[in-house]
Novice: 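My questions will all concern the structure given below.
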Amino acid sequence: MENTITLQPFTWDDSLSTGVPMIDAHHKELIAAVNDLGLAIAHHKGSTAIKKLFAFLKFYAEWHFEHEEACAAKHKCPIAEVNQQAHTTFIENFGQLHDRYKASDASEAVAIEIYQQLADWLTSHILKIDTNIGRCIRSATQAQTP
């Protein structure tokens with residue numbers, strides 16, 4: 001009998017909503033990718049899924065972070081610089097994790113660590129920073145609406 005690993009799936013709820021449809025859609029896409037990794041790890045197929053996740057994260061970081069940072073700058077959000085710094089740190093940390101994963105010869109333990117760090121980062125970043133960016137964008141947009 002194969003040992004299964006249980007990782008709590010990441011669930012979207014209203015507390016994570018920025019109120020900016022495009023940003024929320026991007027976040028939901030990232031959550032789906034993280035959950036796909038968790039499911040693959042649970043079925044001992046993390047090494048295949050992690051390669052897919054790293055390819056997705058490279059694209060996602062460039063695409064989403066650029067979009068979110070541009071919106072924050074356009075609307076002069078006070079937390080824009082903190083957001084940009086958090087994105088830079090995310091890219092650096094996951095670059096290091098990717099290197100560790102490659103050096104570990106596709107270790108399941110490193111795949112689990114990557115999953116857990118992504119889930120922690122998602123919750124922390126979205127709740128502490130992105131929801132503030134969303135409020136700023138919504139306020140600026142409402143102020144511009146005649």
Side-chain angles (χ1 to χ4, degrees), residues 3-104 106-143:
N3 255 353
T4 57
I5 300 165
T6 304
L7 298 172
Q8 184 66 35
F10 194 88
T11 307
W12 177 269
D13 65 40
D14 288 342
S15 71
L16 298 170
S17 177
T18 64
V20 179
M22 182 65 77
I23 291 174
D24 288 343
H26 291 184
H27 290 165
K28 288 175 184 177
E29 220 173 312
L30 180 57
I31 289 168
V34 171
N35 285 337
D36 287 349
L37 173 62
L39 189 60
I41 290 169
H43 291 94
H44 301 284
K45 295 180 181 175
S47 61
T48 303
I50 202 78
K51 290 174 190 168
K52 182 179 170 185
L53 179 72
F54 278 122
F56 171 78
L57 282 177
K58 181 179 179 352
F59 166 75
Y60 180 87
E62 292 170 3
W63 170 68
H64 171 70
F65 291 170
E66 184 179 298
H67 174 78
E68 192 177 88
E69 289 170 12
C71 286
K74 176 183 174 184
H75 297 292
K76 298 174 178 47
C77 297
I79 200 166
E81 190 175 319
V82 170
N83 187 44
Q84 188 172 17
Q85 201 164 26
H87 290 165
T88 299
T89 301
F90 175 90
I91 291 167
E92 290 168 1
N93 289 345
F94 281 90
Q96 292 169 4
L97 280 172
H98 184 237
D99 292 345
R100 274 190 50 220
Y101 184 75
K102 287 192 308 192
S104 77
S107 161
E108 193 85 359
V110 178
I112 291 168
E113 182 182 345
I114 290 166
Y115 173 86
Q116 290 170 330
Q117 285 197 23
L118 267 172
D120 290 347
W121 189 85
L122 267 169
T123 303
S124 174
H125 183 76
I126 292 173
L127 286 173
K128 293 179 182 171
I129 296 175
D130 288 347
T131 54
N132 284 312
I133 296 272
R135 274 192 290 280
C136 176
I137 292 170
R138 288 191 324 272
S139 290
T141 304
Q142 288 170 352

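Numbers for residues simply follow the sequence, beginning at 1.
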Novice: Tell me, please, which residues at least two apart from Lys58 pass salt bridge (Lys or Arg N to Asp or Glu O under 4.0 Å).
Specialist: Glu62
Novice: Would you mind reporting whether Leu30 and Leu122 have side-chain heavy atoms less than 4.5 Å apart?
Specialist: yes
Novice: Using atom types as modelled and distance alone, determine if a side-chain donor or acceptor of Asn35 lies under 3.5 Å from a backbone N or O of Pro9.
Specialist: no
Novice: Show, in sequence, the C-alpha distance, side-chain angles and deciding distance for Gln96 and Glu92, and conclude whether the side-chain hydrogen bond (donor to acceptor under 3.5 Å, both in side chains) test is met.
Specialist: CA-CA 6 Å; Gln96 292 169 4; Glu92 290 168 1; 5.9 Å; no
Novice: Where do Ile50 and Val110 land on the side-chain contact (heavy atoms from CB on, under 4.5 Å) test, with the steps shown first?
Specialist: CA-CA 10 Å; Ile50 202 78; Val110 178; over 6 Å; no
Novice: Quick check: do Thr123 and Phe10 have side-chain heavy atoms less than 4.5 Å from each other?
Specialist: yes
Novice: Does the side chain of Asn132 come within less than 4.5 Å of Lys128's, by heavy atoms?
Specialist: no
Novice: Please report the interatomic distance CG(Asp36) to NZ(Lys52), rounded to the nearest 0.5 Å.
Specialist: 5.5 Å
Novice: Give me the ring orientation class for Phe65 and Phe90: parallel if the planes are under 30° apart, tilted from 30 to 60°, perpendicular past 60°.
Specialist: perpendicular
Novice: Who are the ring-ring contact (aromatic ring centres under 6.0 Å, His included) partners of Phe56, not counting sequence neighbours?
Specialist: Tyr60
Novice: Taking it one step at a time, do Thr11 and Ile31 satisfy side-chain contact (heavy atoms from CB on, under 4.5 Å)?
Specialist: CA-CA 8 Å; Thr11 307; Ile31 289 168; over 6 Å; no
Novice: Might you point out which heavy atoms bring Ile41 and Tyr115 nearest each other, and give the distance in Å?
Specialist: CD1-CB, 4.0 Å
Novice: Under a 4.5 Å cut-off applied to non-hydrogen side-chain atoms, are His64 and Ile23 in contact?
Specialist: yes
Novice: Quick one: pull up CZ in Phe94 and CD in Gln117 and give me the separation to the nearest 0.5 Å.
Specialist: 5.5 Å
Novice: Atom CD1 in Ile91, atom CG in Leu57: separation rounded to 0.5 Å?
Specialist: 10.0 Å
Novice: Could you give all pairs that pass the side chain to side chain donor-acceptor pair (under 3.5 Å) test and reach residues 13-22, with sequence neighbours left out?
Specialist: Asp13-Ser15, Ser17-Asp24, Thr18-Asp24
Novice: If the condition is ring-ring contact (aromatic ring centres under 6.0 Å, His included), which residues does His75 pass it with, not counting sequence neighbours?
Specialist: none
Novice: Within the structure provided, determine whether Ile114 and Leu53 are in side-chain contact (heavy-atom separation under 4.5 Å).
Specialist: yes
Novice: Report the residues that fulfil ring-ring contact (aromatic ring centres under 6.0 Å, His included) with Trp63, sequence neighbours left out, ordered by chain and then residue number.
Specialist: His26, Phe59
Novice: On a heavy-atom basis, which atom in Leu16 and which in Ile126 lie closest, and how many Å separate them?
Specialist: O-CG2, 3.2 Å
Novice: Please find the pair of heavy atoms, one from Ile137 and one from Ala72, that lie closest to each other, and give the distance.
Specialist: CD1-N, 4.5 Å
Novice: Ignoring hydrogens and geometry, is there a side-chain-to-backbone donor-acceptor pair from Ser124 to Asp120 under 3.5 Å?
Specialist: no
Novice: How many angstroms lie between atom SG of Cys136 and atom CG of Asp130, to the nearest 0.5 angstrom?
Specialist: 12.5 Å
Novice: May I have the list of side-chain donor-acceptor pairs in residues 76-84 shorter than 3.5 Å, sequence neighbours left out?
Specialist:
unit_1	atom_1	unit_2	atom_2	d
Asn83	OD1	His87	NE2	3.2
Asn83	OD1	His125	NE2	3.1
Asn83	ND2	Glu68	OE1	3.1

